[in-house]
Amino acid sequence: QTVVTQEPSLTVSPGGTVTLTCASSTGAVTSGYYPNWFQQKPGQAPRALIYSTSNKHSWTPARFSGSLLGGKAALTLSGVQPEDEAEYYCLLYYGGSWVFGGGTKLTVL
Amino acid sequence: QLQLQESGPGLVKPSETLSLTCTVSGGSISSSSYYWGWIRQPPGKGLEWIGSIYYSGSTYYNPSLKSRVTISVDTSKNQFSLKLSSVTAADTAVYYCARRVLYCSSTSCKNWFDPWGQGTLVTVSS
């Protein structure tokens with residue numbers, strides 16, 4: 001069974017920079033996994049942030065960026081704002097099916 | 001703009017079949033670039049991809065749920081549906097429907113998931 005692993009929790013100070021990662025149990029994550037990143041706040045549906053590794057939606061704030069880093073997909077927030085406190089999920093493609101990571105709870109403190 | 005709305009019973013008995021429908025408004029379900037999917041989230045837990053369907057009827061399922069899941073599409077009603085059989089308490093979750101867009105240029109393809117429905121809570125209990 002394929003497992004996608006994210007950091008369970010991270011803490012960052014306002015204005016700081018933080019990188020969330022997304023690893024695959026099958027090996028290095030590449031662009032062919034079409035990494036997607038979502039933000040979810042309590043009581044809300046997930047909101048798409050990044051697609052296919054590094055592409056932003058029109059509503060994605062400029063401080064969010066996606067990349068591949070050390071064999072993992074990565075989501076970097078630069079200049080973190082209090083409203084960025086949320087759960088973040090990555091999603092990877094496995095030839096017909098998709099697997100979510102377990103999520104990273106980001107605390108802005 | 002395109003909107004998705006889940007509907008169906010909020011309470012299902014153990015061993016019975018969970019049935020949900022997602023209604024697509026503001027656009028056609030029969031686009032060659034779109035796949036229509038279901039995702040769920042147990043209370044306090046993470047997201048799980050259940051499966052998706054193309055308007056032609058081609059389906060893709062989570063291997064761990066494949067034996068119990070059926071996703072179907074009704075293009076005349078602009079709807080797609082989820083059936084999950086033999087449910088247990090572990091199937092209690094918020095169920096979301098979402099569109100996946102597949103865009104391919106001459107050099108690469110891109111996939112994104114938007115929009116999502118607001119989600120509907122289904123509780124499995126006697």
Side-chain angles (χ1 to χ4, degrees), chain A residues 1-9 20 22 25-26 29-60 64 66 68 73 86-106, chain B residues 1-6 20 22 33-54 58-67 69 71 93-105 107-121:
Chain A
Q1 181 178 343
T2 302
V3 177
V4 176
T5 302
Q6 299 181 242
E7 297 85 2
S9 63
L20 290 63
C22 176
S25 62
T26 61
V29 176
T30 65
S31 60
Y33 286 78
Y34 303 107
N36 276 252
W37 290 92
F38 302 87
Q39 178 192 65
Q40 187 179 36
K41 295 183 177 179
Q44 297 182 13
R47 181 175 75 137
L49 287 176
I50 300 289
Y51 64 94
S52 293
T53 304
S54 59
N55 296 272
K56 298 180 186 183
H57 293 283
S58 58
W59 55 84
T60 304
F64 290 85
L68 295 176
E87 192 86 21
Y88 291 84
Y89 293 94
C90 66
L91 177 63
L92 300 180
Y93 177 68
Y94 292 88
S97 65
W98 296 80
V99 180
F100 281 96
T104 296
K105 181 174 174 57
L106 183 66
Chain B
Q1 74 279 20
L2 194 82
Q3 292 185 318
L4 281 64
Q5 178 68 57
E6 306 89 351
L20 294 174
C22 183
S33 300
Y34 302 157
Y35 294 74
W36 306 93
W38 290 95
I39 299 102
R40 70 179 182 178
Q41 185 171 37
K45 296 188 178 180
L47 299 168
E48 180 178 32
W49 182 80
I50 299 171
S52 62
I53 190 165
Y54 193 54
S58 298
T59 51
Y60 310 84
Y61 296 137
N62 182 327
S64 68
L65 298 171
K66 187 173 183 177
S67 64
V69 172
I71 297 175
V94 175
Y95 286 76
Y96 296 99
C97 56
R99 178 187 66 171
R100 173 169 72 94
V101 178
L102 171 62
Y103 170 75
C104 292
S105 66
T107 55
S108 67
C109 290
K110 293 179 171 55
N111 284 273
W112 64 86
F113 291 76
D114 184 76
W116 291 54
Q118 64 185 27
T120 187
L121 174 63

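A note on names: the letters A, B, ... follow the listed sequences, proteins ahead of strands, and every chain is numbered from 1. Because only heavy atoms are used, hydrogens play no part in the values below, and waters and symmetry mates are left out as well, while side chains stay in.
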- So which part of Trp112(B) gets closer than 4.5 Å to some heavy atom of chain A, the side chain, the backbone, both or neither?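 Contact with chain A is through both the backbone and side chain of Trp112(B).
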
- Item | Tyr35(B), part contacting chain A, at a heavy-atom distance under 4.5 Å |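 Answer is neither: Tyr35(B) stays 4.5 Å or more from chain A.
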
- Message: I'd like to know which of Pro42(A), Gly103(A), Gly96(A) tops the heavy-atom pair count under 4.5 Å against chain B.
- Response: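 That would be Gly96(A).
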
- Item | Largest heavy-atom contact set with chain B, pairs under 4.5 Å, which of Thr2(A), Val99(A), Asn36(A) |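 The answer is Asn36(A).
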
- Query: Where does Trp37(A) contact chain B at under 4.5 Å (heavy atoms): side chain, backbone, both or neither?
  - Reply: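 Trp37(A) has no heavy atom closer than 4.5 Å to chain B.
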
- Query: Is it the side chain or the backbone of Ile50(A) that comes within 4.5 Å of chain B heavy atoms, both, or neither?
  - Reply: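 Neither part; nothing is under 4.5 Å.
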
I need the [X] [atom1] to [Y] [atom2] distance, nearest 0.5 Å.
| X | Y | atom1 | atom2 | result |
| --- | --- | --- | --- | --- |
| Asn62(B) | Tyr94(A) | CG | OH | 12.0 Å |
| Gln41(B) | Tyr89(A) | CD | OH | 4.5 Å |
| Trp116(B) | Gln40(A) | CH2 | CD | 8.0 Å |

- Item | Under 3.5 Å donor-acceptor, Ser52(A) side chain and Asn111(B) backbone |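 Judged by distance alone, yes, a pair lies under 3.5 Å.
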
- Task: Sequence neighbours left out, what passes ring-ring contact (aromatic ring centres under 6.0 Å, His included) with Phe113(B)? Give chain and number order.
- Result: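 If we apply the ring-ring contact (aromatic ring centres under 6.0 Å, His included) test to Phe113(B), skipping adjacent residues, the hits are Trp98(A).
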
Please give me the minimum heavy-atom distance between [X] and [Y], naming the atom from each residue.
| X | Y | result |
| --- | --- | --- |
| Trp49(B) | Phe100(A) | N-CD1, 3.5 Å |
| Tyr34(A) | Cys109(B) | CE2-O, 3.2 Å |
| Tyr51(A) | Lys110(B) | CE1-CD, 3.8 Å |

- Task: Check whether more than 12 heavy atoms from other residues, nucleotides or ligands sit under 6.0 Å from atom NZ of Lys66(B), and answer yes or no.
- Result: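 No, NZ of Lys66(B) has 12 or fewer neighbouring heavy atoms, counting only those of other groups under 6.0 Å.
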
- Check whether any side-chain heavy atom of Tyr103(B) sits under 4.5 Å from a side-chain heavy atom of Asn55(A), and report yes or no.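 No - every pair of side-chain heavy atoms lies 4.5 Å or more apart.
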
